[in-house]
There are 2 protein chains.
Amino acid sequence: MYNFEYKNPVKIIFGKNTISKVANEVPKNAKIMLTYGGGSIKKNGVYNQVMDALKGAEILEFGGIEVNPHYETCMKAVEIAKAENIDFLLSVGGGSVLDATKFIAAAALYTNGDPWDILVKGGTVVNAIPIGAVLTLPATGSEMNGNSVITRISTLEKMAFSSLKVMPQFSILDPECVFTLPDKQVANGIVDAFIHVMEQYLTFDVNSPLQDRFAESILTTLIEEGPKVLENRNDYDAVANFMWSATMALNGLIGVGVPQDWATHGIGHELTAFHGIDHARTLAIVLPGVMNIKRESKKEKILQYGKRIWGITEGTDDEKIDAAISKTVAFFESVGLPTTLPDYNVPEESVTKIVARFKKRFYKLGEKSDIGYQEIEQILMDRF
Amino acid sequence: MYNFEYKNPVKIIFGKNTISKVANEVPKNAKIMLTYGGGSIKKNGVYNQVMDALKGAEILEFGGIEVNPHYETCMKAVEIAKAENIDFLLSVGGGSVLDATKFIAAAALYTNGDPWDILVKGGTVVNAIPIGAVLTLPATGSEMNGNSVITRISTLEKMAFSSLKVMPQFSILDPECVFTLPDKQVANGIVDAFIHVMEQYLTFDVNSPLQDRFAESILTTLIEEGPKVLENRNDYDAVANFMWSATMALNGLIGVGVPQDWATHGIGHELTAFHGIDHARTLAIVLPGVMNIKRESKKEKILQYGKRIWGITEGTDDEKIDAAISKTVAFFESVGLPTTLPDYNVPEESVTKIVARFKKRFYKLGEKSDIGYQEIEQILMDRF
């Protein structure tokens, strides 16, 4: 096991009828900016629950945050937050709203130049407006971490940053919010959480059996509970188990003391930036390619994954690895996510464009930093 | 799954050569009380590492904290902490030192009467002196929770309290501290951690498969890594995996949203109070009795435990439960912990004394609050 440091002070409030507890968590007399997305919270009752709970508080609304939230939109909120001296940001929505809120929180107090630097130059977040969250969609894990991914539309760049300073003070997770979600969002959430685990688990081995088993616990639970949620959106226990699994998938816990990959995310972000494909779907496309190309360096872990998650015990190592990839693909497709580039009408020329972008970057992806532009080309060509 | 709230802000610093990092974590200019136990930290080099790192800081030492720390000892430290205006407590040792430090931290700032009330009357801890920890012995999980167990020698009472206010600001876990531990302490630590998991896992079922699998992950890892540590104390990876498992066993995570039992601890504490038996050993005695007596209400979970942890699939339900209990007993004995009362020369009259004490209490134990003094008598008589 590697040395590590771990701290996660987010207060989780989990369960049915918990949204009203937001009143106990938001600081008294705070001037609040309530951030949200396309307005589903106004249809499903969540907005009303929040506003009822916060009756009497000074609340300014900032809606219209997109899926894959735009830097340009966030900067509008930053201007308002500064002008209005906002001192608390309340994110009501899914991971996109929360990611945007994190960037707004950091950018509003960023004094070291252009806030875009936070995303592209690793500009340090020294201060941020405190954040709270009411989560309406299990998927990204953003509710219990300091990560945020933002897209600059003018240049089609999708970039991430991470800071303890933008971890929510609290996150309220009411599984009943899932009852009204469409199949597509649930399926995306299942696969997003699944691949968050895979990126921290499917690496070379450093003898960390507890982290491995925790990761496998989440994978198994997603495989078991995810389809139940798709089948019956009102199955409270299944929804709750899915929601908690998605949070645990990316709150840092399973990633302590182990190498992490994140190549699938890095490549996937480009597919979203160029083609607007849903984040989770890009991951479902890319992961099987990464597994295939890195079958040697990840061999032991892929075999362990195949055996423990899918019961694969027969055949040569290569046959077992092929079977593990097939099972993974079949799972993604069974919940409704196609996994090849032609499924999304992505032409081969796009691969050229994406590869050209990575060629210009100084870093390589993967837990061994050995996935450069040539390997990325191989991975993407594997997905035709 | 039940509704729950979860917050654990402890910063964990884990790995080899990490003790010197204490210098970055203790507040600047703090007047520190360094608490420790019988002096092993002065023999194994940990004390010197801490003092070197904190060179120049104002440090007052309070040593001599016992295993099963005494209220009377803690109160001496409280007097000194008050008189000297101590503003940071640094616990260097195992769970007993840390538990004592938590009580000292709370008692020193307790203004609502006798600090003993914190333990016996649920007196609320409103403030506490901030705490940091350098952990030298994996076992209790105290390094990442707000729990503390204190014994009043004058009345032979062993009582617990829990408060977010006494969670350590940071805990440094250097697995190399384990290299110099005697077999007995390692074995006790393995069993203590194992039973912490069991008390949160082996209850009636509330459909929380992720928490179940996390619990099983820790059990399996303790069964796998514990004996390796006993065999070769310098096996760094085994020691690190054991140490991290012990922390995860009682940091609250596997207990969210599920019922919890703690009857084994409640009864075990009395065996320590009356007979001075090591905490972990009392648990090893009592748990098989609880499993046996509660085989009906815990049936589904005992069968799941037997199957997933020990591969028990043959026989009637009762035979499977018997086998699960036998496997558990055999594991404890394999690491060196006897599991019956005669093994510790406890006479039947002691059962009478313990039962009489529970008869006077208004509460019952167990996740269903259905373990009263009669059941406690059954459990203890089962262990002859």
Side-chain angles (χ1 to χ4, degrees), chain A residues 1-18 21 24-25 144 164 167 169-175 206-222 224-225 235-249 251 253-254 256-257, chain B residues 1-18 21 24-25 144 164 167 169-175 206-222 224-225 235-249 251 253-254 256-257:
Chain A
M1 200 192 305
Y2 295 157
N3 283 10
F4 67 84
E5 296 193 0
Y6 181 70
K7 176 172 176 160
N8 192 326
V10 179
K11 178 177 182 179
I12 296 290
I13 299 168
F14 188 101
K16 54 179 87 174
N17 303 319
T18 51
K21 294 197 175 184
N24 310 327
E25 303 299 328
M144 203 178 178
L164 270 172
M167 280 194 167
Q169 312 279 304
F170 65 87
S171 286
I172 297 178
L173 282 64
D174 183 340
V206 294
N207 193 352
S208 49
L210 186 61
Q211 290 90 322
D212 282 2
R213 291 190 178 104
F214 277 0
E216 291 154 1
S217 297
I218 303 172
L219 296 176
T220 307
T221 305
L222 287 167
E224 174 188 271
E225 305 293 310
D235 180 344
Y236 180 82
D237 277 335
V239 169
N241 292 326
F242 161 45
M243 196 171 209
W244 188 229
S245 296
T247 300
M248 294 305 301
N251 70 350
L253 189 78
I254 61 170
V256 296
Chain B
M1 200 192 306
Y2 295 156
N3 284 10
F4 67 85
E5 296 192 0
Y6 181 71
K7 177 173 175 159
N8 192 324
V10 179
K11 178 176 180 179
I12 297 290
I13 299 169
F14 189 100
K16 53 179 87 173
N17 302 318
T18 50
K21 294 196 175 186
N24 311 326
E25 303 299 328
M144 204 178 177
L164 269 173
M167 280 194 166
Q169 312 280 304
F170 65 87
S171 287
I172 298 177
L173 282 65
D174 183 340
V206 294
N207 193 351
S208 50
L210 186 61
Q211 289 91 321
D212 283 2
R213 292 191 177 103
F214 278 180
E216 292 154 0
S217 297
I218 302 172
L219 296 176
T220 307
T221 305
L222 287 168
E224 174 188 271
E225 304 293 311
D235 180 345
Y236 179 82
D237 277 336
V239 169
N241 292 325
F242 162 45
M243 196 170 210
W244 188 229
S245 296
T247 300
M248 295 304 302
N251 70 350
L253 189 77
I254 61 170
V256 296

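So you know, we letter chains A, B, ... as the sequences are listed, proteins then strands, and number each from 1. Worth knowing before you read on, the calculation uses all heavy atoms, side chains too, and leaves out hydrogens, waters and symmetry mates.
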Shortest non-hydrogen separation from P209(B) to E225(A) and the atoms involved: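 Between these two residues, the closest heavy atoms are CG-OE2, 3.6 Å.
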Are V256(A) and I12(B) side-chain neighbours, meaning at least one heavy-atom pair lies under 4.5 Å?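 They are not in side-chain contact.
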Can you check whether F214(A) reaches I218(B) side chain to side chain, under 4.5 Å on heavy atoms?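 SC-SC contact between F214(A) and I218(B) confirmed.
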When rounded to the nearest 0.5 angstrom, what distance separates CD in Q169(B) from NZ in K7(A)?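 Rounded to the nearest 0.5 Å, the CD-NZ separation comes out at 7.0 Å.
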Rounded to the nearest 0.5 Å, what's the gap from CG on D235(A) to CG on N207(B)? Could you check?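 Reported value, rounded in 0.5 Å steps: 7.5 Å.
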Looking at A240(B), S208(B), G15(B), which makes the most heavy-atom pairs under 4.5 Å with chain A?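 The candidate making the most pairs under 4.5 Å is G15(B).
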Which one wins on heavy-atom pair count under 4.5 Å against chain A: L222(B), L210(B), N17(B), D212(B)?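 That would be L210(B).
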Say whether R213(B) and T220(A), considering side chains only, have a donor N or O and an acceptor N or O under 3.5 Å apart.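 Side-chain D/A pair, R213(B) to T220(A): absent.
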T18(B) versus chain A, the contacting section by heavy-atom distance below 4.5 Å: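 Side chain of T18(B) only, per the 4.5 Å heavy-atom cut-off to chain A.
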Answer with side chain, backbone, both or neither: which region of L253(B) has an atom nearer than 4.5 Å to a non-hydrogen atom of chain A?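 For L253(B), side-chain heavy atoms alone lie under 4.5 Å from chain A.
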Would the distance check show the side chain of N3(B) and the main-chain N or O of K16(A) forming a donor-acceptor pair, the cut-off being under 3.5 Å?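 Confirmed, N3(B) side chain pairs with K16(A) backbone.
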When you measure from the side chain of D237(B) to the backbone of M1(A), do you find a donor-acceptor pair of N or O atoms at a distance under 3.5 Å?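 Side chain of D237(B) to backbone of M1(A), a donor-acceptor pair under 3.5 Å: yes, one is there.
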When S217(A), P9(A), P175(A) are compared by non-hydrogen pairs under 4.5 Å with chain B, the top option: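 Max contact count across the listed options: S217(A).
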Salt bridge (Lys or Arg N to Asp or Glu O under 4.0 Å) partners for K21(A), two or more places apart: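 Partners of K21(A) under the salt bridge (Lys or Arg N to Asp or Glu O under 4.0 Å) test: E5(B).
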In chain order, what residues pass the ring-ring contact (aromatic ring centres under 6.0 Å, His included) check against F4(B), with sequence neighbours excluded?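 Testing F4(B) for ring-ring contact (aromatic ring centres under 6.0 Å, His included), a comparison that skips the adjacent residues, returns F14(A), W244(A).
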Side chain, backbone, both or neither of F170(A) within contact of chain B (heavy atoms, under 4.5 Å):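 It is neither, since no heavy atom gets under 4.5 Å.
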Need one label for E224(A): side chain, backbone, both or neither, based on atoms under 4.5 Å from any heavy atom in chain B.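 When you check distances to chain B, only side chain atoms of E224(A) fall under 4.5 Å.
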